[in-house]
Amino acid sequence: MKQVKVLRSRPSPYVFRVEWALELKGVEYEYIGEDLFNKSDMLLKYNPVHKKIPVLVHNKKPIAESAVILEYIGEKKYFGGEEIGMLDLAMGWMTASFGVSWSSKK
Ligand SMILES: N[C@@H](CCC(=O)N[C@@H](CS)C(=O)NCC(=O)O)C(=O)O
């Protein structure tokens with residue numbers, strides 16, 4: 001079982017940015033698809049205030065709000081690797097979402 005999960009739904013620019021940051025860091029993660037018209041108990045539990053995706057779950061700890069998630073992923077202490085630049089985050093997910101450079105996930 002993977003330690004990192006992303007509650008997501010497509011298409012969502014917020015989710016793309018988070019997934020792109022994980023790809024840049026080389027972090028393996030599991031997708032958990034959400035039906036935003038019928039939100040799961042997991043989403044309601046992990047993001048009880050806003051009830052929105054994305055939510056990152058790392059070692060059972062939920063983190064909501066894409067900007068907060070990106071900051072968390074960028075921190076060396078959690079996932080190591082290189083620091084992620086703002087340009088990578090701002091632009092990278094666009095190419096990824098069009099299938100230009102997405103490495104392992106289609
Ligand atoms: N400020 C949030 C916005 C996230 C957001 O708006 N997510 C949308 C999908 S793109 C959502 O979950 N909508 C469901 C709803 O509003 O009930 C973030 O940056 O994570």
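What you see below is based on every heavy atom in this structure, not just the backbone, and it leaves out hydrogens, waters and symmetry mates. Not measured: the values here are computed from a predicted model. Remember, it's 1-based here, ligands and their atoms both numbered in the order they're listed. All residue numbers refer to positions in the sequence shown, counting from 1.
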Polar atom proximity, [X] to ligand 1 (N or O, under 3.5 Å):
X: Arg17; result: no
X: Pro54; result: no
X: Ser66; result: yes

Please list, chain by chain and in numerical order, all residues satisfying side-chain hydrogen bond (donor to acceptor under 3.5 Å, both in side chains) with Tyr72, sequence neighbours excluded. His58

Partners of Ser9 by side-chain hydrogen bond (donor to acceptor under 3.5 Å, both in side chains), sequence neighbours excluded? none

On a heavy-atom basis, I'd like to know which of Val18, Val55, Leu36 is closest to atom 13 (N) of ligand 1. Leu36

Give a yes or no answer on whether the side chain of Asn47 reaches the backbone of Ala64 with a donor-acceptor pair at less than 3.5 Å. no

Do any N or O atoms from the side chain of Asp35 and from the backbone of Phe37 form a donor-acceptor pair under 3.5 angstrom? yes

Within-4.5 Å side-chain heavy-atom neighbours: Glu19 and Tyr31: yes

Side-chain heavy-atom pair Val6, Leu22 within 4.5 angstrom cut-off: yes

Could you find the nearest protein heavy atom to [atom] and give me its residue, atom name and distance?
atom: atom 7 (N) of ligand 1; answer: Ile53 O, 2.8 Å
atom: atom 1 (N) of ligand 1; answer: Glu65 OE1, 2.9 Å
atom: atom 16 (O) of ligand 1; answer: Lys52 CE, 3.3 Å

Return yes when Lys39 approaches ligand 1 closer than 4.0 angstrom through a heavy atom, no otherwise. yes

Where ligand 1 meets Ser12 - atom numbers and elements under 4.0 angstrom, heavy-atom basis: 10 (S)

In sequence, state the C-alpha distance, the side-chain angles, and the governing distance for Leu36 and Ile53, and then conclude on side-chain contact (heavy atoms from CB on, under 4.5 Å). CA-CA 8 Å; Leu36 295 179; Ile53 51 101; 3.8 Å; yes

